[in-house]
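Structure first, commentary second.
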Amino acid sequence: MTGASMDGKRAVVTGGSRGIGRAIAEALAAAGAHVVVSSRSAEACAAVARAIGGDAVACDVANLGQVDALFERVADLGGCDVFVSAAGLASSAPAAQVPASELRRMMDLHFVGATRGAQCAAAQMRARGGGAVLFVTSVWGLGGQPSTLAYGAAKAALAHAVKVLAVEWARDGIRVNGLAPGFVDTDMTAGLPGPLRDKLLSRVPLRRAARPEEMAGPALFLCSDAASYVTGHVLVADGGERAR
Ligand SMILES: NC(=O)c1ccc[n+]([C@@H]2O[C@H](COP(=O)([O-])OP(=O)(O)OC[C@H]3O[C@@H](n4cnc5c(N)ncnc54)[C@H](OP(=O)(O)O)[C@@H]3O)[C@@H](O)[C@H]2O)c1
C-alpha cells in the first residue's frame, strides 16, 4: 500500500519561510516528515521550523558556498530523503530592457543554486538508498509570457534539469520532478498592479488565484511514495490556464 505518508522521511525545503515553500514544508511535516526549513532570513525560517517541529538553516541559494554549507548541516542533522527547491524571486521587464546582469542573477538563483542543492541532496539520498527531488518551476517557464525573459528562462532551464536529472539519477532510486504553479497569492504576486492581476486571472478557467496551500497537495504527492513511478514530470497547477 503506497500513499502520501512521509513518516520517517527527512526533507529540506528552500524558500520554506513564506508562501509556496512554507505551505509545502507544513504539508510535509503534517504527513510525518522531519523538515529542515531554509531561506535567507534566519529568523523567518526558525519561526516556521518551530511551528512544524523541524530545524532551520539559513542559506542564500544564489551563493553556492552557502548551499554546500546548508547540506553539510543537513548531514549533521540526519541527512536528506526529500529536497524541495522553492526559493525564488520575481523579475519582470520588457526583453529589450533586460541587462545581462539580471539574466545571470535569475539563473544563479533559480537554476544554478537549485541544481547545486539537488546535487548535494542527491549525494545524501544515494547513501540512503534513494529519494525525491522537487523543483518549483513556473508556467512562465513553459511559454513566452511577455516581460519574463530572465525569470522564465531560468525556470525553463530548471524544467530541463528535471528531465536530465530524472534520467541520470533513476538508477540511484532518486526521482526528480517539477511543480509549475500558475498565479499563486503570495508576497511575490502581492505587488502586481490590479489591472495586470485582473488580466492574468481573466485567462484562468478557475477564475481565481491559487492559495499557497493549493500547491502543497501536488508537491506532497510528487515527493511521496504515492508517486513512486513518476519521475521527469513537471506537474502544472495553474487553474486550467494551459488547457486553453
Ligand atoms: N507566486 C506565484 O504566483 C508563483 C508562480 C509560479 C512559480 N512560483 C515560484 O514559487 C516559488 C516560491 O514563490 P512564492 O510565490 O512562494 O514567493 P514568496 O512568498 O516571495 O517566497 C519566496 C521564498 O523564497 C525565499 N528566497 C528568496 N530568495 C532567496 C534566496 N536567494 N535564497 C534562499 N531563499 C530565498 C524567501 O525567503 P527569504 O526572503 O527569507 O530568503 C521565501 O521563503 C518561487 O520559486 C517562485 O518562482 C511562484
Side-chain angles (χ1 to χ4, degrees), residues 12-27 35-49 51-52 56-71 83-92 102 104-118 134-143 145 148 150-159 161-162 178-192 196-197 200-201 203-204 206 208-216 218-219 234-239 241-242:
V12 177
V13 181
T14 66
S17 64
R18 289 187 273 123
I20 295 168
R22 177 180 181 146
I24 294 172
E26 289 171 345
V35 182
V36 174
V37 181
S38 186
S39 80
R40 290 167 302 178
S41 163
E43 297 99 60
C45 48
V48 176
I52 65 173
V57 181
C59 168
D60 180 343
V61 301
N63 179 325
L64 298 184
Q66 290 191 24
V67 176
D68 292 347
L70 163 65
F71 280 93
F83 172 52
V84 178
S85 169
L89 291 173
S91 174
S92 173
E102 185 61 2
R104 291 194 192 99
R105 188 176 80 102
M106 284 290 112
M107 277 293 174
D108 280 345
L109 169 58
H110 291 282
F111 177 63
V112 182
T115 52
R116 177 66 154 255
L134 179 67
F135 291 134
V136 178
T137 65
S138 171
V139 290
W140 286 0
L142 301 175
Q145 173 72 21
T148 65
Y151 177 86
K155 292 296 195 182
L158 203 50
V162 165
L179 173 63
F183 194 121
V184 186
D185 271 331
T186 65
D187 290 350
M188 183 176 282
T189 47
L192 283 180
L196 177 57
R197 177 189 168 89
L200 292 171
L201 289 179
R203 301 183 197 141
V204 176
L206 288 181
R208 63 175 178 81
R211 299 181 303 279
E213 299 75 37
E214 291 179 286
M215 298 299 118
V234 178
L235 193 162
V236 174
D238 68 348
E241 185 182 353
R242 289 187 67 81

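Each residue takes its place number in the sequence, starting with 1. We count ligands from 1, going down the list as the structure has it; atoms in each ligand are counted the same way. Every heavy atom of this structure was used, including side-chain atoms; hydrogens, water molecules and symmetry mates were not.
- Taking any N or O of I20, backbone or side chain, at least one lies under 3.5 Å from an N or O belonging to ligand 1.
- Nearest to atom 27 (C) of ligand 1 by heavy-atom distance, out of S85, P212, A58, G88, is G88.
- Evaluated by nearest non-hydrogen atom to atom 15 (O) of ligand 1, the leading choice among T186, D187, V136 is T186.
- Among the atoms of G15, some N or O lies under 3.5 angstrom from an N or O of ligand 1.
- Which parts of ligand 1 touch D60 is read off a 4.0 Å heavy-atom cut-off, strictly below it: atoms 30 (C), 31 (N), 32 (N).
- In terms of polar-atom proximity, defined here as any N/O pair under 3.5 Å, H110 makes no such contact with ligand 1.
- In this structure, CG on D238 lies 12.0 Å from CZ on R203, to the nearest 0.5 angstrom.
- By the 4.5 Å heavy-atom criterion applied to side chains, V67 and V61 are counted as neighbours.
- Protein heavy atom in closest approach to atom 44 (C) of ligand 1: A86 O, 3.2 Å.
- Considering only non-hydrogen protein atoms, atom 34 (N) of ligand 1 sits nearest to A87 CB, 3.4 Å.
- Inclusion of T189 in the set of residues having an N or O under 3.5 Å from an N or O of ligand 1 is not warranted.
- The N/O atoms of F183, backbone and side chain alike, include none that comes under 3.5 Å of an N/O atom in ligand 1.
- The residue among M106, M188, R105, M215 with a heavy atom at the shortest distance from atom 17 (O) of ligand 1 is M188.
- Nearest protein heavy-atom contact of atom 29 (C) of ligand 1 is R40 NE, 3.4 Å.
- Some N or O of G182 is nearer than 3.5 Å to an N or O of ligand 1, by distance alone.
- Checked against side chain to side chain contact (heavy atoms under 4.5 Å, CB included), A156 has no partners two or more places apart in sequence or in another chain.
- For atom 8 (N) of ligand 1, the nearest protein heavy atom (residue, atom name, distance) is Y151 OH, 3.5 Å.
- Across A23 and P212, no two heavy atoms sit closer than the pair CB-O, 3.5 Å.
- At a 4.0 Å heavy-atom cut-off, ligand 1 touches T137 through the backbone alone.
- Shortest contact from atom 39 (O) of ligand 1 to any protein heavy atom: R18 NH2, 2.6 Å.
- Here L206 contributes atom CG and E241 contributes atom CD; the two are 11.0 Å apart, rounded to the nearest 0.5 Å.
- Among protein heavy atoms, atom 33 (C) of ligand 1 sits closest to C59 O, 3.2 Å.
- Between the CD1 atom of I24 and the CD atom of E213 there is a distance of 11.0 Å, given to the nearest 0.5 Å.
- Close contacts between ligand 1 and G19 involve ligand atoms 16 (O), 19 (O) [criterion: under 4.0 Å to a heavy atom].
- Among protein heavy atoms, atom 40 (O) of ligand 1 sits closest to S39 OG, 2.8 Å.
- Heavy-atom proximity to L109, at under 4.0 Å, picks out these atoms of ligand 1: 30 (C), 31 (N).
- Between L89 and ligand 1, a contact under 3.5 Å exists for no N or O pair.
- Taken to the nearest 0.5 Å, the CG atom of D185 stands 9.5 Å off from the CZ atom of R208.
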